[in-house]
Structures are given as structure tokens and as C-alpha cells.
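First the structure, in the form of C-alpha cells, and then the observations on it.
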Amino acid sequence: MYARGKHVLAGATALLVATLASGCGNSGSGSDASPTPKEFLVDTGAGGGSDIFAREIEKILGDNHITSAHWPVRAITEGDGLGLMAYLRSHSGKNDEIAAFTSKWMVEADAMKNAPASIEDTTPIAELADETQLVAVPTSLGYTTLKQLLDAGRTKQITLVGGSAESVSTLAAVALQQYSHTSWKYLFFHDNGSRISALLRGDAQVMVDSAATFAPEVKAGKLRILAALGAKRVSQFPDAPTLHELGIVIPGLPDQLQFRGIAGPPNMPPKAVKYYQGLLAKMVKTDDWKKYMESQGDTTDFITGDKLTTLLKNFDTSMAPLIAALPEGQ
Amino acid sequence: MTVNSTVDLLHGLSAAATPTNLMWVAIGVLIGTAIGIMPGLGSPSAALAILLPLTLQLNPTTGLIFMAGIYHGAKFAGSTGAILLNIPSEPSSVVLCIDGHELAKQGRAGPALGLSVISGFVASTLGVLALTVAAPLVASLAIDFGPPEFFSLILLGLVLVVTMSGKSRIKGFIAMALGLLAGTVGVDLLSGQQRYTFNSLNLYNGIQFLPMVLGLFAVSEVLINIEKSTKRKVFPVPKKIRDLLPTWEDLRNTKRAIMSGSVVGFFIGCLPGGGSTIASFVSYGVAKNISKHPEKFGNGSLEGVAGPEAANNSEVGGAMIPLLSLGIAGSSSTTVMLAALLIFGVEPGPQLFQQHPEIAWPVIASLYIGNFMLLLLNLPLIPMWVQLLKIPYWILYPFIFTMAIVGAYSERSSMFDVEMMVVVGLIGYGLRKLEIPISPLLMAFVLGPKLELALRQSLVLSDGSPLIFLQRPISLGVLVVGAVAALAAFLVKRHQRGRTHIALPQPSA
Amino acid sequence: MARAADAVAGVVTAALGVAMLVPALRLPFVGQANAPGAGLFPVVLSGTLGALGVALLVTSLRGPSEIDAPVVAEEESTVPAGVRGLGRVGAVWGGFAVAIIAMKYLGFLISVFVLIVYLLLGPSHRRGPRQIATSLVTAVLLPVLAHLLFTNVLGLTLPEGTLFGD
């Protein structure tokens, strides 16, 4: 009995050692020139915006044989974008961690006093997509132009429904209010379903979000898009004019509000950065990617290097005064 | 949508029921059950998220059917954890612990589990049938429920359930206050202010459900048992087959609970923003209030299991309507399903039923098939699940610790969550020793944030006027129902107290 | 005995209420549109908690009343914890806590293995030769199987430990 126990114990210990060893081997491998990401990090749970974005990228890369490596998507949701930036910082210098970033990360850092992390704690690799924000109203209200909505705010109380005080769409709404010298109420919900239903119910009169959010309702004729907050019209809603076309100039409101890209840890080896940029450059040329962008109402914006750094800096600077103008300040 | 819908449903059923699909739904049920049985992973959304990579490799219809199987398997397993181990895997299974675990302690785990499956199946059937007739009504309900309606509904849920304080009213209120306070931690949604986060990113999103529940229930339960002895066998395990499954009499007695639970679950479960959690509480309260033996609730009432379980299962039928017709995901599980739909290239929305009924109806049918599969596969296995209780405690409690670590860590890959669970475990032990009930604490923790949010959102809408809750018809209606129920409960209790000293409902913790 | 525990509970609760009131008072009480701000609930709740703590203390000192009389004796709590029982609890929880602290550095596998060995040979008193063997087997199998199942099969991540390059 005792002897048999010893055998079992030996076998089990061998299993333990083997698992430990295999666990160590699980980290990313490959040289600097062609690293294999250990994981593709996102700051939302399954089904969230960044999660879907990352999975689509992984799928397109695989389907088009741009890389044979598998980029497992992993969620680091603690602390939202700030948490993920802090996580990247703790992996400084590595070449095997990549993350899907959004412009919201910079807003989060700006909105928090003594933020524990910022975009400086990452190496932005490339911007990939611009998710032009749209201004939507229920058709039942009868507004057909943005100007009508903004003017209405002077005589009636307009309520904006959105996701949080720190979302880029809310800040864009702040800019619109400043432009029209009106003051809106804010109604925030955790989930998209509640936001849309608030709009349809009449609890709110306006919402700013991306095309994918509004598409089903617009198709059913329940919502109308009044404007696209960007440089170009959105292909899904070709009738919605841009602010420029409407003659509405809001200095300090960047053309790119909600954008997504890929970033790595700080001090990422330049060769690794170049490698990922190469893969992504190939990806954005594929048909699959174009189809994906169209389905989301996004525009492909492949920006890297200094141009990217400047863009991020400008975005950061323009957001600060808008954050300060939020109703319940920090 | 009436006669046509029934035809469509039958078409959908036949499209969904191909041999390949049936095989995948069976696999989904089995894997979902296996994952869901792990304390901490029993929520369908966790199981769905874990298996998302595999799901996406299948073709859309099969993939969605696979997800339906996983959903039901994980939900059932979550109920199993709640009943056998007193560990709720997601907010909507918290209510199951109250009577379910009590039944397990009384040696009736088998009937409880069996009833859970059966009532779930019945409710699911009703839910699918209701879909064919009630879809437009549900779709509009999902729109009509705004902050004031939510507030009143949650208040109703709390009122119906609240007589759980058990022995000491003061301690019951302390438990609720603690739970409510714990729920305020994090970034406040409406203002962006940090509450009790001490500038830490770990608490930025608040205290998570899993560390809280695993600590309060799993870890503290181990500590309570260890204090008595490390060798104790936990519950009596019946040997006769007859005692391992519910009897016909059991089913007859729970008819009302199942029916009411199905209705409640279907209509409330479709509400985006926490419908499924609220539905389980309200259904428990409703079942209790229409039961012939309300005093049994909290002491091992089968109706206390059947009602919430019915609600938990019919709600997915209800949730499908806003999902498919409006593209609105109401819960975390439907969010994952929505993601899968999008990645599959299926765009949910008002047009889906009209333009692509051949996609919409197989999805709905697959949910039903999933539940049927669950009944088929798991009902015979229940006697086996019950044997889990026979595992010697010296193996069981390290297993619980191990699984608790995995469960707490896996949600956010956060050691902080594991640390939080350990600390909450000790606190939970202390609370139980001091006879401060932890079930109300957890309920307050779960419902409190929703209640506060709904209250503040409503007052933003009304510019601070509390009259809004009475001015909006649905909200007023719900409040009236709540007032009537509270009054009735009060009168009944006075009547009871006047007669004999009857034990107040005791939660199992 | 139970009343002394209640008194202590009352004091601790009251103190907790006060402690949580302080940071809450710094938050805005009123938000936009005359609606409650971020501070309302925390202030009201912590104040209530403090008041409840005082109430508990008072009732415990005053003796059992109709409201608070225990209706049914519960097995778990009215029996006061003996020293040995408390010792066991402390040993088990303490071990658990240490294992979690170590997990950051040593990773899931080693920490859980050591924890289970400690728990079974320590507080669980499984010290006969056969018991040691089965305990060691359990201590190896549980974390290994969990690791295999969750990381390799399901693709979750578990802490690898900073010593091993996490």
C-alpha cells in the first residue's frame, strides 16, 4: 500500500513538474524581428467593443494567411483603459504583448486626478480605424438638421443619453453645447440597450455614438442621423453631413474622436514595432478588412510613427478643456 | 406575428434540428455543465466567453445552437453549485441558495436539482411559445421600461423578498447597509466621481461579484465548517433513487411557482440592464406570496427553487426578442451572443424577423432544443451530481479553495480579486459568527447599485421631483402592486404572530 | 457571551460607519438637475450604518428584547467558538492568505500545492503515512488538473508568478 502510494506520488510529482515546465514555455517566442504575441490584450469583456475589434483582427490575419501565429485575446478589464496601460507598463521592453487601444484611454487619463497611467506608458504601433461619431435623434421629434436640434436646446431642455462622463461621445456633445450656448442634461447607462431604448422612449432626445450602434434603428426608420462628427461622411449613412459641410466650426474638436489602434508596452524594440506595423499594413489592404470597416461604419486610417504621435498629442490637448466643462467635475 | 410565427417556429425547429446541430448542442450542454460546475465559473456568460473562440469556428447556425447548449448547461451547473455548495455563480442564482441549499442540507438535494431542471424546461417551453404571440408586446415593454419603472420594480423585488432578516432586525439592516455600501465602491457612472477607490485602479470598477460571493459564501462556509471539525461529512446523502429526484407530488405542489416564475421571467428578463437578476428576485417573491405555504420559504421550500429557476429559464426567451428585433442585448450572456452574431455577420435588428426569418427562428428554436438536451442529458445524471456531496471534506475544501482562486482570478485576470475574496472570506466568517445574515448583504450588494442608479437617473429626468415615480403609469402600477403585496404580507404576519410563535424565514447563512 | 459579541459588533459597526462617512462627505451631495450626486448614498448609508451600530450596542447592553429575541437556535452561531475551533480557522485562513500573497511570485501551481500540503498535514491532521501519501497526491493533482483544464483546454490564464517571467 505504502509502496503503491509512493508510485502514485512520483507520477503526480512528475506531472506537476511537467506542467510547470510547459507553463513556462507558454510565453511568446520568436526573435525581435518576428515576435509572436503571447496575448492580444483588450480592456473590455467578451462582446465589448475592443474585444470584437481584436477578434476580428485575429480572424482577418488568419483567414488571409498574413500570419500563422495565433493571437489569443485576453481581457484585462480592471481599471478599464488605465488598468491596461498600467499592465503594459509593467511589461516594459517586451515584444510579445500587444493591446487594442482606443482614444478613450487618453480621456480616462485626463479625467482622473493623478491618473496612475497614461498613453506615455505604451508604444503606439499603429492607428487602424476611425469610428466617426454620429449625432442621432428619434425621427418622432421631427428634427431634420443639426441646427434645429441645437437651436431647440435654447428653448427646451434637451437630454443626451450616453455611456459615461468619460466617453468621447459625451465630450463631443459638450463641444456642441458650447458652440450653441445651450446646456443639455446627461443620462448615462451602462449598456447600449438601455441607451437606445431611452432614446426611443423619449427620455432622451439625442445620442452620439458610432454607426454600428444606430444602424438597426435607422434602418427601421426610428432614428435619424443629423451629422457626422468627422472629416468625411460615413459610408453607411451618406445623407448625414459633416460639421464642416454644415458650416459649423468648433475649434478644439478634433476630426478624429473615437479611434482604435494597436499599441505595445513602453520601450518596445523598434524591430518588433516595425514587424507588427508590417503585418497590419498588409491587413488593412485586404477585402475582409474593408468589409469589416464598412459594416461598422468605420474609416480605415492607417497611421504610424511621428504622424501618430502628433495625432495623439493633439487629441489629448483638445480633450482637456472639454473634460473640464463636464457637469459634475472631478 | 401569430399564426405565421408558429409556422416559422416549426420551420426554425426543423432547420435547427439537423444531426450535426443536435450533436453540437449536446456537446455544448455537456461542456457548459462541466465548466459551470466550477465554483466561480458557473455563469453562462463566462462559459460562453471562454468557448467563444471554438464557437466562432463553426458555421453560424451551428455556432448559435452550440451557444444555446452552453448557455443551458452552464445555467444548470450554476444552479447546481448554488444548491449543493451554497455558491451562487451569478447574481440571478443568489436566490436559489436560500431554499436550494437548505433542501440540500435536509437531504433533498436530488429533488431540488431535478425540480430545477424540470421547471426550467417547462418555463423554457412556455417562453418559446410566448415568443410567437407576445413578441411585439415584449419588444415594446423593453422600450417602455425606463429609470422610474426600473426603480419601482427593484423596490418591488426588495419588498417581496425582504422579510429575510431572520432573527434580528437590526442585524438584518446592518447586513443590507453593508451590502449597499460595498456596492457604491468604484467610479460613479453619472458623475465620474471616484467613490471609496482611494485612487486605486483595482477598485476603479468597484468590488466584483465573484470575489464577493466566493468570499462570503464559499470561503466563509469552509471556515465555519473547519471551526467545528475538519473531518465532518457535510450533508446526509440519500441512497434510494426515489429520494434522488422530485416526486409527482413535488411537481404538483410547485405548479403555481413554475407558472408564475415563467411569466415573471419572460417579461422582466427581457428588460435591458439587469432584467435577469431582478426577475429572479421578483419571481421568488411572487412565488412566496401566492404559495399555500409561505412560511416554508427560507426553510427549504421546493417552490422557492422552482419559481426562480422558471424565471431564469423563460427570461432567455424574453431576452431574445429585444436582441433579435432591436439588436439590444439585455444581459451579459446576450451580449456575448450578440457579439457572436455580429462576428458571424448576422445583423440583429428590427428587420431581422421580417427579412431573415430563416436566421431568427432557428436561433430561437435552438434555445429550446438546448433546454431539451439539458433535460435529456442531465436529469439522469442528477443522482451522480448528488454524490458530489459524499466527497470527504478533506478533499472537498481544498477543491473549493482551488476553484475559488480560479474563479476569482479568471474574471479579470486580477490577483487583487483573489486577495479581495480572501479578505471577504474572513469578514464573512466573522459576520456569520456574529449572526449578521450574509444573504441580505449579497442581495443588497447586487440590487443596490441598480436601485441607486435608477433613482438618480429618474430624478435627473424629473429635475429632482420624486413625483415622477407616480406620474409614469408603469411605474405607478408596479408601486401599487408592491404596496398591496407589502400590506398583505404585513397583515399575514400579524395574524400569524397573534397565533403562535412561528419561526421567521431563515436563510441558510 | 453572545451579548458581549453583539456589543463588540455594535461598536465595530458604528466605527465603520463613521470611517466610511468621512470620505463620503467629500463627494458632491447634489448633482445635475437637482438630482442626488455621488455623495448622497454613501453619506446616508454610512450614517445609517453608524446609527445601526449604536442601536446594536444599546440593545446588547440592555438585554434581549422582543424584536431581537432569537426565534430559532441556529447551529452555527449561538455556540461560541472554542479556542481550538478558532485556532483551526486562523490556521486555515492564514495559510490561504499566505498562499495568495505568494502566488504573485511563485505562481498558481506551486502556491496551491504548498497550500494544500499545509492544510492537509496541518489543520486537517492527516499525518499517518498513508494519509500523507494521499494528501500529497491530492495536493499535486488538484492544482495540476485545474491548470491543465483551465489554461490548456479552456485558454484562461492563471498566475504564472513573477519569478517565472510573468
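The sequence lines fix the lettering, A, B, ..., with proteins before strands; numbering per chain opens at 1. What you see is a predicted model, and the numbers here were worked out from it, not measured in a lab.
Contact of C/Thr13 with chain B is made through the side chain alone, with heavy-atom distances under 4.5 Å. Heavy atoms of C/Val112 lying under 4.5 Å from chain B belong exclusively to its side chain. For C/Ile116, the part sitting under 4.5 Å from any heavy atom of chain B is the side chain, from C-beta outward, and nothing else. Looking at B/Leu455, the atoms closer than 4.5 Å to chain C (heavy atoms on both sides) all sit in the side chain, from C-beta outward. In this structure, chain C has a heavy atom under 4.5 Å from the side chain of B/Ile405, while its backbone stays farther away. Using a 4.5 Å cut-off between heavy atoms, B/Val185 makes no contact with chain C at all.
Within the 4.5 Å cutoff, the side chain of B/Leu178 has heavy atoms near those of the C/Leu16 side chain. In this structure, B/Val406 and C/Phe108 have side chains that are in contact, with non-hydrogen atoms separated by less than 4.5 Å. Within the 4.5 Å cutoff, side-chain heavy atoms of B/Leu181 are placed close to those of C/Ser46. Between C/Ile100 and B/Met415 the shortest side-chain heavy-atom distance falls below 4.5 Å. Side-chain atoms of B/Trp394 and C/Leu119, non-hydrogen and from C-beta on, never get closer than 4.5 Å to each other. At least one side-chain heavy atom of B/Glu419 sits under 4.5 Å from a side-chain heavy atom of C/Lys104.
In terms of heavy-atom proximity, C/Val89 sits nearest to B/Glu227 at CG2-CB, 3.4 Å. The heavy-atom pair separating B/Tyr196 from C/Met20 by the smallest distance is OH-O, 2.6 Å. Counting all heavy atoms, side chain and backbone alike, C/Ala5 lies closest to B/Leu434 at O-CD2, 3.7 Å.
Atom-to-atom distance recorded for C/Arg26:CZ and B/Gln194:CD is 13.0 Å, nearest 0.5 angstrom. Atom CG in C/Leu142 sits 7.0 Å away from atom CE in B/Met403 (nearest 0.5 Å). Note that OG of B/Ser462 and CG of C/Asn34 are 9.0 Å apart. Values are rounded to the nearest 0.5 Å.
Between the C/Trp93 side chain and the B/Val422 main chain, a donor and an acceptor come within less than 3.5 Å of each other. Proximity of a side-chain donor or acceptor of B/Arg195 to a complementary backbone N or O of C/Ala38 within less than 3.5 Å is detected.
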task = Take B/Phe173 and C/Thr48 through the side chain to side chain contact (heavy atoms under 4.5 Å, CB included) test and state the conclusion after the steps.
result = CA-CA 9 Å; B/Phe173 282 127; C/Thr48 311; over 6 Å; no
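Listed options B/Asp463, B/Leu431, B/Ile395 were ranked by heavy-atom pairs under 4.5 angstrom with chain C; first place goes to B/Asp463. Listed options B/Thr402, B/Ile174, B/Ile31 were ranked by heavy-atom pairs under 4.5 angstrom with chain C; first place goes to B/Ile174. Chosen from C/Gly17, C/Pro42, C/Pro23, the residue pairing most often with chain B at heavy-atom distances under 4.5 Å is C/Pro42. Interface summary for chain C: among B/Val418, B/Leu189, B/Thr184, B/Leu223, the most heavy-atom pairs under 4.5 angstrom belong to B/Leu223.
No side-chain donor from either of B/Tyr393 and C/Ser124 sits under 3.5 Å from a side-chain acceptor of the other.
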